[in-house]
Number of protein chains: 2
Amino acid sequence: MIITKAGRRMFPAMRVKISGLDPHQQYYIAMDIVPVDNKRYRYVYHSSKWMVAGNADSPVPPRVYIHPDSPASGETWMRQVISFDKLKLTNNELDDQGHIILHSMHKYQPRVHVIRKDCGDDLSPIKPVPSGEGVKAFSFPETVFTTVTAYQNQQITRLKIDRNPFAKGFRDSGRNRMGLEALVESYAFWRPSLRTLTFEDIPGIPKQECRDLKTDYIFPKLDNLVCRQTKLS
Amino acid sequence: MIITKAGRRMFPAMRVKISGLDPHQQYYIAMDIVPVDNKRYRYVYHSSKWMVAGNADSPVPPRVYIHPDSPASGETWMRQVISFDKLKLTNNELDDQGHIILHSMHKYQPRVHVIRKDCGDDLSPIKPVPSGEGVKAFSFPETVFTTVTAYQNQQITRLKIDRNPFAKGFRDSGRNRMGLEALVESYAFWRPSLRTLTFEDIPGIPKQECRDLKTDYIFPKLDNLVCRQTKLS
DNA sequence: GGCTTTACACCTAGGTGCGAACTT
DNA sequence: AAGTTCGCACCTAGGTGTAAAGCC
């Protein structure tokens, strides 16, 4: 994922569906992004692989993206697809825009947090998400990504250009379309567009309903990861 | 003010400052728009006057614009200028976009409502604002306006074009600039840009602080009103 | 005739990857 | 050499009044 000083959106954006909440209870929904491991990576061009290049840089200030619809009732949250498209990433450790601060060339994983309103007193954009009763975190293996300041991998660049409306200006209309389609197809998880994963109980919430967290519009290992290296172009 | 089927913003937008709230109490802030009288108007071109043209049309469905930052603490509300720039007006009585429905060729006045959160259970975008304990309404004589579907008055058109960034394409750069400035100047209330008006007590709120509602960026009788007819161009 | 609707050119505001320049 | 920064052309998305057409 591209990170810049000014802040850059993620593409694709994380989108999520939640069920199993108490319809009449108020919740905050938030996202943070945590390191996958303690390593720094570099992209080895000739082998088309990300390889360990030492230990991770020193930790960055904690940041939390609180979904702008927060707080809202369980009913409201469950009725919609919850999109994190306004979340921005930065590599500026002195950022004062409330963006999520990350190191380049590291691997990260977004986490979705569901926080009962009465347990959210400590929730802040610049403090770690509180844990305990009434707070639950979810993460998805297919949303791991690697941060970069410039793409390392032509397939990913093509994928971004072809799927992101804001990059339309870089498409070579028509030509190479087949290559792209094939690339997309090579990710089994790209379809179907709506997945369902288990949503474990939130402490303090009635347990009788099934609890699912659905991610719609996959956000897979899309970004400069070796598994994206296919035989295409 | 222009109203359309699809919905049109007000320009200038209503902007307001509030003080005297309980910093730790939660409030909703909302706006509705009420008729000034029971009349319908028409613009008489040769005399440059709005004149009564019969009784008002039948009432429209009630709509309330709930400020998107709602609910928030008194501290949060008081720290910022509260802008209603996303509010939209429509003449479509069947509107389902949550816009405020008005009749064309009528006079209206916006009202700002401050609602203690625990008194806001009945607050809804499609019901009249509740009244009673913990709810307070404010309105300002200089914000009265007349609705139109097309401007009736060249001075107002010029004012809109020159002050609204989105209408820049219609400015004749440089030429007639003097005429516009003089027109603006002719409204004493245009400067200073921040006014202070008395904010009466909200029932149930401690009374010890001075209570002001400040309107910044005047929203005066800007729209097709006879007082805007000056000697300029 | 008076008012409303519609498509439109022209803006603001801001999200893209690019490629040259810069840094280390 | 490898990674980062910056200005940019090119988009999306949507807010303006206009002028012609439509409505009653």
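- Within the 4.0 Å cut-off from OP1 or OP2 of D:dT5, at least one side-chain nitrogen or oxygen of A:Asn91 is found.
- Within 4.0 Å of A:Arg8, counting heavy atoms only, lies at least one base atom of the nucleic acid.
- In this structure, A:Ile2 places its CD1 atom 12 Å from C1' of D:dG3, rounding to the nearest Å.
- Under the 4.0 Å criterion applied to side-chain N and carboxylate O atoms, A:Arg63 and A:Asp95 are assigned as salt-bridge partners.
- Taking side-chain N and O atoms only, B:Lys168 has no distance below 4.0 Å to OP1 or OP2 of D:dG17.
- Annotation: cation-pi geometry satisfied between A:Lys107 and A:Tyr41 (NZ/CZ under 6.0 angstrom from ring centroid, within 45° of ring axis).
- Residue-level contact check: A:Thr4 touches neither bases nor backbone, having no heavy atom under 4.0 Å from any strand.
- Listed pair B:Lys86 / D:dG15 fails the phosphate criterion, with no side-chain N or O lying under 4.0 Å from OP1 or OP2.
- Mapping B:Arg40 and A:Ala167 onto DNA chain C by nearest heavy atom places B:Arg40 at the nucleotide closer to the 5' end.
- Centroid-to-centroid, the aromatic rings of A:His67 and A:Tyr28 stay 6.0 Å apart or farther.
- Straight-line distance from the CZ atom of A:Arg158 to the C1' atom of C:dG17: 14 Å, rounded to whole Å.
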Q. How far apart are the C-alpha atoms of A:His103 and A:Thr147, what are their side-chain angles, what is the distance that settles it, and do they pass the side chain to side chain contact (heavy atoms under 4.5 Å, CB included) test?
A. CA-CA 7 Å; A:His103 282 128; A:Thr147 45; 5.5 Å; no

